[in-house]
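Just so you know, these numbers use all the heavy atoms, side chains as well, and skip hydrogens, waters and symmetry mates.
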Amino acid sequence: MWPDGYPHFCDIVYTLATQMEELNKLIWLMIIDSYGLGEELLKMSYKTLIRMVKYMAPPSGKFESGLFPHTDKPISTLICEDKISGLEIEVKDDKWLRLSNLSPSSFVFMVGDPFKAWSNGRLKSGMHRVMMGGDKDRYSIAAFAVPNKGTIIKTTKELIDDQHPQLYKDFDFMEYFLFTASDLAKRFNSNQQIDAFAALSPPISN
Ligand SMILES: O=C(O)CCC(=O)C(=O)O
Ligand SMILES: [Fe+2]
C-alpha cells in the first residue's frame, strides 16, 4: 500500500478509510430509512476512493479559490478537515455559507449527482467550493463512493408518483462520469450537468 515502507502511516490511513466507508454507508441507510425504504434499494458494488489534499495558504491578505464551485460526481462524498476551515456551500444563487468551527470529529456528507437522480431529485447535490484566507495551509480528506464499471443508476420507483414525476432516465454511471469530463459538459455549470445528461423532458408520471 502507498507509500511503501511506512506501515504505521498505512495502517492509520487504512483504518480511517474503512471507517469513513462505514460512516458513509450508515448515512445512506439513514437516508433510505427516512423515506421508509429498504436497504436493498441502494445495493451496488462500488469503491471508496480517498483523496488527501493540502490547500496552500494564499498570499498575505488575499482570499483565494482553493477549489472551484462544483457538485460531486460520485454517489456521495464524506469530507473531514483538519482545523482550518475553507469549505463553503452554496445556499442560494451565489450566496455561500462557510462551514467554520467544525469540531475535529465532524464529517461533511455531500450528496453527489447520481444520488440526486436515484432520489428523483429529492436529495440535492449542492454546489460547494474551497476558499482560502489567512496564513495557514489547509488539509482535508475526502472519501468518494464511486460505483464500479457497469453500474446503472435508476431512479427509485417508490419515489415516483403523480406529485413527483420521474425526472431522470436510467443511465450508466461511467458514461455520466466521462460526460462530465467532456468538452460538451464544460458548456454547463457543474450543477447543470446531470440534467444535461439524464433529464427526461418532460418528466414521466407513473
Ligand atoms: O477539500 C474539501 O473540503 C472539499 C473537497 C471536494 O469538494 C472534492 O474533492 O470534491
Ligand atoms: Fe466536492
Side-chain angles (χ1 to χ4, degrees), residues 24 27-28 31 41-56 64-79 86-99 108-132 140-157 159-161 163-206:
N24 178 69
I27 296 170
W28 284 9
I31 292 172
L41 285 174
L42 204 61
K43 278 248 152 71
M44 73 175 81
S45 57
Y46 67 97
K47 286 194 177 53
T48 298
L49 296 185
I50 300 289
R51 189 160 76 192
M52 300 180 208
V53 183
K54 176 182 183 180
Y55 299 89
M56 306 292 274
E64 274 185 356
S65 170
L67 183 64
F68 61 92
H70 65 282
T71 60
D72 287 348
K73 309 306 166 191
I75 303 285
S76 62
T77 311
L78 207 53
I79 301 164
L87 184 58
E88 298 188 346
I89 315 284
E90 191 178 36
V91 282
K92 265 191 178 165
D93 289 340
D94 219 25
K95 282 228 161 19
W96 294 87
L97 178 73
R98 192 171 181 86
L99 302 183
V108 178
F109 179 85
M110 288 285 174
V111 169
D113 293 343
F115 209 177
K116 178 182 183 186
W118 173 91
S119 73
N120 203 22
R122 296 187 199 203
L123 297 169
K124 309 292 176 207
S125 46
M127 286 282 262
H128 53 285
R129 66 182 184 184
V130 174
M131 294 298 293
M132 292 297 296
S140 75
I141 301 179
F144 302 97
V146 181
N148 290 342
K149 222 170 154 201
T151 301
I152 304 296
I153 306 295
K154 287 181 198 285
T155 300
T156 301
K157 293 212 172 33
L159 297 177
I160 302 169
D161 56 36
Q163 273 82 51
H164 304 91
Q166 183 177 351
L167 300 178
Y168 298 100
K169 64 179 182 185
D170 297 351
F171 62 91
D172 183 313
F173 169 77
M174 205 42 82
E175 282 177 19
Y176 176 56
F177 204 68
L178 293 175
F179 166 77
T180 62
S182 70
D183 286 343
L184 176 58
K186 293 195 178 72
R187 293 194 212 156
F188 303 96
N189 288 337
S190 184
N191 58 348
Q192 297 168 330
Q193 289 174 339
I194 186 67
D195 283 49
F197 184 79
L200 287 166
S201 176
I204 301 175
S205 292
N206 241 1

Rounding to 0.5 Å, atoms CE (Met132) and CG (Leu67) come to a distance of 11.5 Å
Do the side chains of Ile79 and Met110 get nearer than 4.5 Å, heavy atoms only? yes
For Asp72 and Pro114 the tightest heavy-atom approach is O-CD, 4.4 Å
Minimal heavy-atom distance between Tyr55 and Ser140, with the atoms involved, is CE1-OG, 3.6 Å
query = Do Lys186 side-chain atoms and Ala181 backbone N/O form a donor-acceptor pair below 3.5 Å?
reply = yes
| query | Is there a side-chain contact between Phe115 and Trp28, using heavy atoms and a 4.5 Å cut-off? | reply | yes
Does Phe173 have Lys73 sitting over its ring (NZ/CZ under 6.0 Å from centre, angle to axis within 45°)?
-> no
In short, Ser65 meets Phe68 closest at the heavy-atom pair OG-N, 4.0 Å
- Message: Between Gln166 (side chain only) and Ile160 (backbone N and O only), is there a donor and an acceptor less than 3.5 Å apart?
- Response: no
Asn191 side chain reached by Lys124 side chain, heavy atoms, under 4.5 Å: no
Could you go through Asp113 and Ser125, starting from their C-alpha distance and side-chain angles, then the distance that decides it, and tell me whether this counts as side chain to side chain donor-acceptor pair (under 3.5 Å)? CA-CA 5 Å; Asp113 293 343; Ser125 46; 2.7 Å; yes
For Pro147 and Met174, the nearest pair of non-hydrogen atoms, with its separation, is O-CE, 4.3 Å
- prompt: Between His70 (side chain) and Arg129 (backbone), is there a donor-acceptor pair under 3.5 Å?
  reply: no
Nearest heavy-atom approach of Tyr168 to Lys116 is OH-CE, 3.6 Å
Less than 4.5 Å apart, side chain to side chain, heavy atoms only: is that true for His128 and Val108? no
Could you tell me whether the side chain of Phe171 reaches within less than 4.5 Å of the side chain of Ile194, counting heavy atoms only? yes
For Ser76 and Asn24 the tightest heavy-atom approach is OG-OD1, 2.7 Å
(request) Please check if the side chain of Thr155 supplies one atom and the backbone of Asn120 the other of a donor-acceptor pair under 3.5 Å. (result) no
*asked:* Checking the side chain of Arg98 only, and the main-chain atoms of Met131 only, is there a donor and an acceptor separated by less than 3.5 Å?
replied: yes
Margin query: Do Leu78 and Ile27 make a side-chain contact, defined as non-hydrogen atoms from C-beta onward lying under 4.5 Å apart?
Written below: yes
